[in-house]
Q: 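The following block contains the structure, expressed as structure tokens.
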There are 2 protein chains.
Amino acid sequence: MTTTATGSRVLPHPAREEIRLEAVLHALSDPMRLRIVRDLARDEDELSCSYFDLPVTKSTTTHHFRVLREAGVIRQVYRGTAKMNGLRRDDLDALFPGLLDALLDAAGRQAARLGTAGDA
Amino acid sequence: MTTTATGSRVLPHPAREEIRLEAVLHALSDPMRLRIVRDLARDEDELSCSYFDLPVTKSTTTHHFRVLREAGVIRQVYRGTAKMNGLRRDDLDALFPGLLDALLDAAGRQAARLGTAGDA
DNA sequence: ACCGTACTACGATGGCTATCGTACGAGTCG
DNA sequence: CGACTCGTACGATAGCCATCGTAGTACGGT
């Protein structure tokens with residue numbers, strides 16, 4: 001089989017209806033996770049975990065990605081040895097129209113204001 | 001003095017520029033505080049702390065109001081024995097245009113969806 | 001088969017925080 | 001003044017959480 005059995009490593013995601021606003025806000029209230037989400041939003045495509053060069057260890061990075069996934073903010077899929085991450089724009093927009101864009105805009109404005117390079 | 005010396009009890013608020021998005025999101029990630037903010041947004045006017053009938057003790061209520069104030073979400077002023085609370089709409093809208101409305105809309109939608117009575 | 005890479009799991013740790021209870025200060029009304 | 005209401009301060013407690021290190025698993029290439 002050329003199509004590797006990626007099916008054995010499925011990650012649990014909350015269904016759209018399971019996503020809670022408080023959990024999303026909590027997930028985004030951490031600077032590291034907010035940064036991840038901003039990066040994900042910039043590249044419309046999925047990104048591997050190792051793409052991010054965060055100032056924390058890999059263990060902590062894994063932790064942050066899990067929090068984001070369990071809050072319903074991102075979708076994670078294994079592709080070979082890499083784990084690809086993508087924003088759950090569709091679900092978030094359906095549940096909370098305009099919220100994600102407002103949050104990303106707010107984060108961008110603050111980054112620009114504080115000189116925290118990395119804004120679009 | 002008929003004009004009571006309300007000046008001796010001034011509460012520290014962050015300046016507009018001091019408000020951090022992460023702190024706002026963290027403040028709003030608590031169900032109790034999100035509920036307070038929704039109530040404040042509904043009545044355009046200021047509300048006293050005792051207006052809210054939260055399922056926690058008074059000490060905890062005080063704590064939540066302080067978190068909201070220190071995050072820059074609300075403004076608190078003493079008026080006699082009561083402490084009036086109001087949303088810092090102007091500052092938040094200036095820093096993060098559209099964010100507060102998106103958050104309130106999201107909270108309202110979730111409340112309606114989950115049957116958590118209390119939405120507008 | 002072997003190794004390297006990518007990510008995870010588990011345990012530990014220190015810090016934050018939501019909650020409470022009690023005791024107190026500030027203000028109003030009789 | 002005295003009593004009552006509103007809110008605060010302080011201490012305690014229990015739970016969560018961001019972080020780390022180490023050891024381990026899964027996959028792909030050689």
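Naming convention: chains lettered A, B, ... in sequence-line order (proteins, then strands); numbering from 1 in each chain. Keep in mind it's a predicted model, so treat the numbers as computed, not measured.
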Q: Taking only the side-chain heavy atoms of Ala82(B) (C-beta and beyond), determine which of dC7(C), dG7(D), dA18(C) contains the nearest atom.
A: dG7(D)

Q: Which whole-number value in Å describes the distance from His26(B) NE2 to dC16(D) P?
A: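 Those two atoms, NE2 and P, are 14 Å apart.
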
Q: Check whether the side chain of Ser59(B) and the base of dG21(C) form a donor-acceptor pair under 3.5 Å.
A: yes

Q: Answer yes or no: are there more than 12 heavy-atom neighbours, outside Asp53(B) itself, under 6.0 Å from its atom CG?
A: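 No, not enclosed.
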
Q: With a 4.0 Å limit, can you tell me whether Thr60(B) has a side-chain N or O closer than that to the phosphate oxygens OP1/OP2 of dA18(C)?
A: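 Thr60(B) to dA18(C) OP1/OP2: no side-chain N or O under 4.0 Å.
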
Q: Can you measure Leu11(A) atom CG to dA9(C) atom C1' for me and round it to whole angstrom units?
A: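 Rounded to the whole Å, the gap is 14 Å.
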
Q: Can you tell which of dA9(C), dA18(C), dG7(D) lies closest to the side chain of Tyr78(B)?
A: dG7(D)

Q: Could you check whether the side chain of Ser50(B) and the base of dT5(D) have a donor-acceptor pair of N or O atoms closer than 3.5 Å, going by distance alone?
A: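 Flag unset: no donor-acceptor pair detected.
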
Q: So does Thr61(B) get a side-chain nitrogen or oxygen closer than 4.0 Å to the phosphate oxygens (OP1/OP2) of dG7(D)?
A: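 The answer is no; no side-chain N or O of Thr61(B) sits under 4.0 Å from OP1 or OP2.
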
Q: So does Arg33(A) get a side-chain nitrogen or oxygen closer than 4.0 Å to the phosphate oxygens (OP1/OP2) of dA18(D)?
A: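 Yes, because at least one side-chain N or O of Arg33(A) sits under 4.0 Å from OP1 or OP2 of dA18(D).
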
Q: Within the structure provided, determine whether Gln110(A) and Phe96(B) are in side-chain contact (heavy-atom separation under 4.5 Å).
A: yes

Q: Of all the nucleotides listed (dT19(C), dC6(D), dG21(D)), which has the minimum atom distance to the side chain of Met32(B)?
A: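 Nucleotide nearest to Met32(B)'s side chain: dT19(C).
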
Q: Hey, is the main chain of Phe65(A) close enough, under 3.5 Å, to the side chain of Arg33(A) for a donor-acceptor pair?
A: no

Q: To the nearest angstrom, how far is Asp30(A) atom CG from dT19(D) atom C1'?
A: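 Whole-Å distance recorded here is 11 Å.
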
Q: Atom NE2 of His63(B) to atom P of dG11(D): distance rounded to whole Å?
A: 17 Å

Q: By the definition side-chain contact (heavy atoms from CB on, under 4.5 Å), identify the one residue from Glu70(A), Arg69(A), Gln76(A) that meets it with Pro12(A).
A: Arg69(A)

Q: Quick one: Leu68(A) CG to dC17(D) C1', roughly how many Å, whole number?
A: 14 Å

Q: If every non-hydrogen atom of Ala107(B) is compared with every non-hydrogen atom of Arg38(B), which pair is closest and at what distance?
A: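 Shortest heavy-atom separation between Ala107(B) and Arg38(B) comes out as CB-CD, 3.2 Å.
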
Q: Taking atom types as they are modelled, is there a donor-acceptor pair under 3.5 Å from the base of dG7(D) to the side chain of Thr81(B)?
A: no

Q: Just the rounded figure in Å: distance from C1' of dC7(C) to CZ of Arg69(A).
A: 12 Å

Q: Let me know the distance between CE of Met84(A) and P of dA6(C), rounded to the nearest Å.
A: 12 Å

Q: Whole angstroms only, please: what is the OH-P distance between Tyr51(B) and dC6(D)?
A: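 Atom OH in Tyr51(B) sits about 16 Å away from atom P in dC6(D).
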
